[in-house]
Amino acid sequence: MASLNLKMKKRENYGTEPDKKKLAMAGIRHQLLLLLRRRHRLFPLVSAFSGCLLLLLLFSFSFPPVIHRSPPGRKNQIAVEPKLLVPENGGRSDRHLWSSKLSNSYYGCSNASDTFQVLDKTSQTDRYLLIATSGGLNQQRTGIIDAVVAAYILNATLVIPKLDQNSYWKDTSNFEEIFDVDWFITHLSKDVKIIKELPKGEESRLIGLQSIRVPRKCTPSCYLQRVLPLLKKKHVVQLSKFDYRLANQLDSELQKLRCRVNYHAVRYTETINKMGQTLVDRMRTKSKHFVALHLRFEPDMLAFSGCYYGGGQKERLELGAMRRRWKTLHAANPDKVREHGRCPLTPEEIGLMLRGLGFGREVHLYVASGEVYGGDATLAPLRALFPNIHTKETLTSKKELAPFARFSSRMAALDFIVCDESDAFVTNNNGNMARILAGRRRYMGHKVTIRPNAKKLHKIFTNRHNMTWDEFSTKVRKYQTGFMGEPDEMKAGEGEFHENPTSCICQKKKKKDNEKLKEDEQDSWPWEYSDIGNVPMATRSEFESSTRS
C-alpha cells in the first residue's frame with residue numbers, strides 16, 4: 001500500500017512539471033504578442049534613435065580631430081595630438097625670429113680686382129656663343145649666369161640665351177619677356193660682350209649649326225679643350241641643355257663675375273617687378289613682418305622625390321604614373337627616402353616646425369606654390385596653425401593677374417620677388433629656387449632663411465604622439481641649429497655656389513672692444529647698394545682701389 005502511494009505521488013510530481021514549463025512558455029508567447037501588437041508605436045522610436053546615432057557618427061567623421069580646441073582650463077592652445085598641445089603664441093624662442101644675429105658683420109662684395117682682365121683687353125670679334133637653357137625659370141637662371149662666365153672663359157661674344165620652351169612647364173616666354181635685356185647687356189658690358197642676335201653677316205652660319213653638350217660641372221680647362229677648338233673653326237657654337245654646366249668651385253674672380261651676373265645684372269622686366277612689388281606692399285599692409293614659404297608640394301615634385309604620404313593606392317598610382325616621365329629615375333623606397341630627409345615636409349609638418357621655432361598663430365604667411373597635391377584638405381592643418389595664409393591669387397584680382405597667369409615662368413618670378421623681400425623665408429625642398437634665394441639672401445644681408453633639417457625632424461614628427469610640447473619644441477630648435485641662414489653655417493665651398501657665394505661675401509673689420517654697435521644697427525641691414533659699383537655705398541672708399549673706372 002505504501003509503495004502504491006509513493007508511485008501515485010511521483011506521477012503527480014511528473015504531471016505538475018510539464019505544467020510549469022507550459023506556463024512559462026505561454027508567458028513568453030504572451031509577451032511577444034504584446035510587443036508585436038505595440039510595434040506600430042515602438043518602431044518610430046527605434047528608428048529615430050538609430051537615425052540620431054548615425055548622424056552623430058557622420059558628424060564626428062566630417063571633422064577629424066587632427067587639430068581642435070583644447071579643453072577648458074588650457075587657454076590659447078590648440079591640440080594636434082592628445083598629448084601634443086600647441087601654444088598659439090609660439091611659446092618661447094631662443095633666437096630673434098626676424099633677423100640674423102651676425103648679419104651686421106657681413107656684406108656682399110662682387111667687384112672685380114685690378115688683375116681681372118676687362119673686355120677691351122680680351123675682345124674677340126669672330127666667336128659667337130649660343131646658349132639653350134633647360135628646365136624651369138630658376139634652373140634656367142643658373143644657365144644664364146654660367147653662360148656669361150663661359151663666354152668670358154672662351155673670350156667669345158654671348159648671344160642672349162634662349163629659354164626652354166619645351167620643358168614640362170610649356171612656357172613660351174622668351175628672354176626679353178622675363179628679364180630686362182637692355183640692363184643685362186649694359187651692366188655686363190665691361191665683362192663680356194653680349195648681343196641680342198647674331199649679326200646679319202653671320203646668320204648663314206646657323207645652317208648646319210653644330211650643337212654640343214658639355215659635361216656637368218665642366219671646369220675652365222674643360223671648356224678650353226672641348227669648346228674652344230670648335231669655336232675657332234666654326235665661329236658659332238651652341239651649347240645645349242645648359243644648366244649646371246660649369247664647375248662649382250672656380251677662381252675667386254670668376255666667382256665674383258657669377259655674383260655680378262646673378263645679383264645685379266639679371267633683373268626682371270618692369271612689368272614683373274611692378275606686380276611683384278605690389279604683392280610685397282599688400283603683405284606689408286597686413287603685417288610689419290611676414291614669412292614666405294616655398295611649399296613645393298606639387299604632384300610632380302612628390303612624384304620626382306619618390307615619397308609617399310599615406311594616400312593609399314590612389315596616391316601610389318597617380319604619382320607612379322608621373323614618375324615614369326623621368327626615365328632615368330629608379331624605383332624608390334618611400335620609407336627610406338623620408339628617413340634620409342629627402343622628402344618635402346607636409347604642410348602640417350612645416351606648420352609644426354614654425355610653431356616650434358617660435359612663430360605664433362598671428363604671423364602672416366605667404367605661400368609660393370603651384371597646385372598643392374590633395375588641395376584644401378592637405379592645406380587644412382597648416383591653415384589651422386596659421387590662419388593668415390596668402391597667395392598671389394588671394395592678394396590680387398583675376399584681372400590684375402591675367403597678364404601673368406598663363407605663363408608659369410612669370411608666375412614663378414612673382415613668387416621669387418615676394419620670397420626675396422620676406423622677413424623670413426622657408427624652403428621646403430633644396431631645389432633651384434630655394435638655392436638661388438638662399439644665396440641671394442646671404443649676399444643681400446643674411447636675411448633669415450630656414451631650411452628644414454628634414455632628416456632629424458622626421459624622427460620627432462613620427463614620435464610626436466608620445467611627447468609634450470616643451471619636449472617637441474626644444475628638439476625642433478636644437479635640430480634647426482645650423483639651418484637658419486646664419487653667416488657661419490656653411491663653410492667656403494660647401495653646397496652649390498648659387499646657395500653659398502662665399503667668394504662674394506666680405507666681413508667687416510671688427511671694432512675695438514670699447515666701441516659698440518648702435519641699437520638701430522643691430523636690427524636692420526644698414527647698407528645701400530650702388531647699381532654701378534655693386535658694393536655698399538657706405539663703404540665705397542674702402543674699395544676704391546679695387547673698383548674699375
Side-chain angles (χ1 to χ4, degrees), residues 127-154 156-179 184 192 194 196-198 205-231 233-250 254 257-258 261-262 266 300-301 303-305 322-330 407-409 412-413 429-436 496-499:
R127 301 176 189 173
Y128 296 95
L129 184 65
L130 278 61
I131 297 290
T133 60
S134 177
L137 177 64
N138 292 288
Q139 186 174 339
Q140 292 181 82
R141 188 185 184 109
T142 65
I144 293 167
I145 295 164
D146 290 347
V148 175
V149 181
Y152 180 86
I153 293 169
L154 295 167
T157 296
L158 176 67
V159 181
I160 287 292
K162 183 179 179 182
L163 300 189
D164 186 353
Q165 300 177 343
N166 300 313
S167 63
Y168 169 77
W169 294 271
K170 304 296 182 185
D171 192 314
T172 58
S173 301
N174 56 38
F175 190 100
E176 293 85 351
E177 291 170 314
I178 303 292
F179 304 107
F184 181 74
V192 173
I194 305 174
K196 294 182 181 180
E197 55 188 15
L198 279 176
R205 298 183 186 277
L206 294 175
I207 300 173
L209 176 67
Q210 186 170 355
S211 182
I212 64 173
R213 189 184 304 180
V214 296
R216 280 181 171 259
K217 309 297 183 183
C218 195
T219 62
S221 61
C222 166
Y223 277 91
L224 295 177
Q225 293 171 8
R226 290 172 177 263
V227 184
L228 186 57
L230 190 62
L231 192 58
K233 181 180 179 181
K234 300 287 186 179
H235 301 289
V236 178
V237 172
Q238 175 170 286
L239 303 181
S240 63
K241 289 284 184 181
F242 201 80
D243 60 327
Y244 296 99
R245 302 287 165 177
L246 185 62
N248 193 47
Q249 298 191 30
L250 300 172
L254 293 180
L257 175 56
R258 265 178 164 165
V261 180
N262 192 5
V266 177
D300 64 294
M301 179 64 219
F304 184 85
S305 66
M322 289 184 182
R323 187 173 174 80
R324 284 194 289 273
R325 286 206 318 263
W326 294 281
K327 296 180 181 179
T328 57
L329 293 182
H330 60 275
F407 304 95
S408 60
S409 291
N429 174 264
N430 201 29
N432 296 296
M433 178 172 167
R435 285 196 291 264
I436 288 179
E496 291 289 343
F497 181 76
H498 301 300
E499 178 185 11

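All values derive from a computational prediction rather than experimental measurement. Heavy-atom basis, side chains included; hydrogens, waters and symmetry copies ignored.
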Would you say CD of Glu197 has more than 12 non-hydrogen atoms from neighbouring residues, nucleotides or ligands within 6.0 angstrom? no
Do Asn174 and Leu163 come close enough that some side-chain heavy atom pair is under 4.5 Å? no
Do Gln249 and Phe497 come within less than 4.5 Å of each other through their side chains, counting heavy atoms only? no
pair Ile153-Val227: side-chain heavy atoms closer than 4.5 Å: no
Are more than 12 heavy atoms from other residues, nucleotides or ligands located less than 6.0 Å from atom CZ of Arg323? yes
Return the CG to OG1 distance between Asp243 and Thr133, rounded to the nearest 0.5 Å. 8.5 Å
Residues 129-151 vs salt bridge (Lys or Arg N to Asp or Glu O under 4.0 Å), sequence neighbours excluded, gives Asp146-Arg258
Measure the spacing between CZ of Phe179 and OG of Ser409 and express it to the nearest 0.5 Å. 8.0 Å
Can you tell me how far the OG1 atom of Thr157 sits from the CD1 atom of Ile194, to the nearest 0.5 Å? 9.5 Å
Atom CD1 of Ile160 and atom NZ of Lys196: how far apart are they, to the nearest 0.5 Å? 8.0 Å
For the CG atom of Leu250 and the CG atom of Leu257, what is their distance to the nearest 0.5 Å? 9.5 Å
Rounded to the nearest 0.5 Å, how far does CG of Leu154 lie from CZ of Arg127? 8.0 Å
Would you say that Glu496 contacts Thr142 through its side chain, given a criterion of any heavy-atom pair below 4.5 Å between the two side chains? no
Do Leu254 and Pro220 have side-chain heavy atoms sitting under 4.5 Å apart? yes
Taking Ser408's backbone N and O only, do any of them form a donor-acceptor pair with Asp171's side chain (distance below 3.5 Å, no angle check)? yes
Check: Asn262 and His498 side chains under 4.5 Å, non-hydrogen atoms: yes
Should we count NZ of Lys170 as having more than 12 external heavy atoms under 6.0 Å? yes
Heavy atoms of Asn429 and Ala434 approach each other most closely as O-CB, 3.2 Å
Side-chain heavy-atom pair Cys218, Arg245 within 4.5 angstrom cut-off: no
So which atom in Ala156 and which in Leu231 form the shortest heavy-atom distance, rounded to 0.1 Å? CB-CD2, 3.8 Å
Any Leu228 side-chain heavy atom under 4.5 Å of Tyr223 side chain: no
Would you say the side chains of Gln140 and Asp164 form a donor-acceptor pair under 3.5 Å? no
Between Leu137 and Ala412, which heavy-atom pair has the shortest distance, and what is it? CD2-CB, 4.0 Å
